[in-house]
Undergrad: 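Sharing a structure here in structure tokens format.
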Amino acid sequence: MRIDGTAYRTIWPDGRGSVAIIDQTRLPHDFAIVRLTSLEDAAHAIRAMLVRGAPLIGAAAAYGVALALRADASDRGLDHACAALLATRPTAVNLRWALERMRRRLAPLPESQRSEAAEAEAAAIADEDVEINRSIGLHGAALIHSAAERKAPGEPVNVLTHCNAGWLATVDWGTALAPVYAAFEQGVPLHVWVDETRPRNQGASLTAWELKHHGVPHTVIADNVGGHLMQHGKVDLCIVGTDRTTATGDVCNKIGTYLKALAAHDNGVPFYVGLPSPTIDWTIADGVRDIPIEERDGREVSELTGRTADGRIETVRVTPDGSPVANYAFDVTPARLVTGLITERGVCAASRDGLRDLFPERG
Ligand SMILES: CSC[C@H]1O[C@H](OP(=O)(O)O)[C@H](O)[C@@H]1O
């Protein structure tokens with residue numbers, strides 16, 4: 001996507017043997033490029049959320065393997081790289097998917113060929129992500145068009161989204177926001193309600209930043225406002241991302257998604273999920289029972305970081321000293337609350353049959 005006229009992806013090889021990323025922990029106040037030069041750099045970038053979002057986590061892990069094999073292309077080196085990167089975050093299945101793909105590609109090769117092949121495979125994963133998301137955008141834009149046809153001429157379609165599933169969560173375009181960008185480019189009047197998304201505020205700090213730079217009308221809201229807006233007819237559809245969707249259509253996404261889906265269901269508001277196929281976990285049927293939910297450092301809840309009036313970045317505490325904190329990073333929305341899954345192959349029901357129709361090779 002373009003930032004001040006310059007086209008960016010979220011991650012790219014810089015041609016000097018390192019991998020460049022946008023440091024998302026510095027947004028929206030600073031736009032900083034960081035260069036990863038080692039496996040350790042890549043693992044830290046994922047764990048500390050300099051890069052985040054399921055597809056981007058997968059791409060970053062793939063590039064992390066390539067960086068690792070520049071230093072040690074042995075079987076032991078490949079095993080160590082995959083294990084270290086897999087351990088960074090437990091919920092987004094793209095991490096496991098990308099590492100399994102890198103291992104399938106590299107293990108059969110002689111050590112002398114592995115480094116170059118790893119860089120090529122990581123680049124292929126990144127390029128494929130861009131095309132998958134572009135396609136999700138086109139399929140999802142049709143849903144926004146349909147919503148527009150039910151509105152008065154010129155009245156904007158109100159889309160509510162949670163967290164950040166925009167181009168910053170992927171290599172480019174995004175998943176939940178790809179349909180928004182596509183419809184916006186097609187001239188559909190629209191507006192986005194942006195859940196701030198406590199505790200890390202990916203909505204307030206990342207989604208709002210993206211939409212502002214792209215010129216998309218939006219309003220940042222507290223997480224608990226969405227139900228009220230739906231009760232008053234101010235949300236035409238919800239589109240969210242996912243970190244792992246089961247073979248039966250249960251959707252794991254940022255904490256709070258489930259509550260938004262409940263409100264949407266109660267108010268008859270369509271609830272869609274942008275779902276790239278690498279985010280489907282075909283091995284799981286019951287998402288609530290079987291998807292591992294990451295628990296992160298409690299300071300993400302007890303502290304807030306922002307910019308002071310005189311431009312300084314400060315962190316302040318918002319809970320009493322000593323108050324225990326629980327920080328669950330994701331929840332699972334059962335398929336029964338999901339109107340449809342927007343994949344790169346089209347929109348389907350959140351069900352085993354729906355996914356099987358679009359991905360018959362998965363039987
Ligand atoms: C397109 S995946 C986006 C997905 O990832 C986010 O989680 P995190 O920021 O912790 O990586 C959130 O669940 C988004 O919906």
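Atoms within each ligand, like the ligands themselves, are counted from 1 in listed order.
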Undergrad: I need the nearest protein heavy-atom contact for atom 15 (O) of ligand 1: residue, atom name and distance, please.
TA: Asn253 OD1, 2.5 Å
Undergrad: Can you check whether His162 has an N/O within less than 3.5 Å of an N/O in ligand 1?
TA: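 Between His162 and ligand 1 (N or O atoms, distance only) the closest approach is not under 3.5 Å.
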Undergrad: State, without any angle test, whether Thr246 and Asp281 hold a side-chain donor-acceptor pair at a distance under 3.5 Å.
TA: no
Undergrad: Among Asp172, Asp127, Asp129, whose salt bridge (charged side-chain N to carboxylate O under 4.0 Å, His left out) with Arg9 holds?
TA: Asp127
Undergrad: Within the structure, does Arg89 bring an N/O atom to less than 3.5 angstrom of an N/O atom in ligand 1?
TA: yes
Undergrad: Which residue owns the protein heavy atom closest to atom 12 (C) of ligand 1, what's the atom, and how far is it?
TA: Cys163 SG, 3.4 Å
Undergrad: Could you tell me whether Thr242 approaches ligand 1 through its side chain, its backbone, both or neither, with non-hydrogen atoms closer than 4.0 Å?
TA: backbone
Undergrad: When the ring planes of His232 and His228 are compared, do they come out parallel, tilted or perpendicular, using 30° and 60° as the limits?
TA: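 His232 vs His228 ring planes: tilted.
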Undergrad: Closer than 3.5 angstrom, by distance alone: can the side chain of Arg114 be matched with the main-chain N or O of Leu109 as a donor-acceptor pair?
TA: yes
Undergrad: Output the list of atoms in ligand 1 that are nearer than 4.0 Å to some heavy atom of Ala169, sorted by atom number.
TA: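 This gives 1 (C), 3 (C) as the contact atoms.
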Undergrad: Looking at Val288 and Val332, what are the two nearest heavy atoms and their distance?
TA: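 Nearest heavy atoms, Val288 then Val332: N-CG1, 3.7 Å.
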Undergrad: Using distance alone, with no hydrogens and no angle criterion, decide if Thr207 and Asn164 have a side-chain donor and acceptor under 3.5 Å apart.
TA: yes
Undergrad: Among protein heavy atoms, which sits nearest to atom 4 (C) of ligand 1, and what does the distance come to when rounded to 0.1 Å?
TA: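 The answer is Asp243 OD1, 3.5 Å.
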Undergrad: Looking only at protein heavy atoms, identify the closest one to atom 11 (O) of ligand 1 and say how far it is in Å.
TA: Gly53 N, 2.9 Å
Undergrad: Could you tell me if any non-hydrogen atom of Met49 lies under 4.0 Å from any atom of ligand 1?
TA: yes
Undergrad: For ligand 1, which atoms, with element, lie under 4.0 Å from some heavy atom of Pro55?
TA: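 Listed by number with element, the hits are 1 (C), 2 (S).
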Undergrad: Kindly say whether Glu344 contributes a backbone atom to a donor-acceptor pair with the side chain of Ser135 at under 3.5 angstrom?
TA: yes
Undergrad: Using 30° and 60° as the class boundaries, would you call the ring planes of Trp209 and Trp167 parallel, tilted or perpendicular?
TA: tilted
Undergrad: Below 4.0 Å, non-hydrogen atoms only: which portion of Asn164 touches ligand 1? Side chain, backbone, both or neither.
TA: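 For Asn164, only backbone atoms sit under 4.0 Å from ligand 1.
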Undergrad: May I ask you to check whether Ser74 and Asp72 show a side-chain donor-acceptor distance below 3.5 Å?
TA: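 Looking only at side-chain atoms, Asp72 and Ser74 do form a donor-acceptor pair, the distance falling under 3.5 Å.
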Undergrad: So, regarding Gln202 and ligand 1 (criterion: nitrogen or oxygen to nitrogen or oxygen, under 3.5 Å), is there a contact or not?
TA: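 Yes.
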Undergrad: What residue and heavy atom of the protein are closest to atom 2 (S) of ligand 1, and at what distance?
TA: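 Protein heavy atom with the smallest distance to atom 2 (S) of ligand 1: Ala54 N, 3.2 Å.
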Undergrad: Going by the order shown, which atoms of ligand 1 are within less than 4.0 Å of some heavy atom of Thr175?
TA: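 The atoms of ligand 1 under 4.0 Å from a heavy atom of Thr175 are 1 (C).
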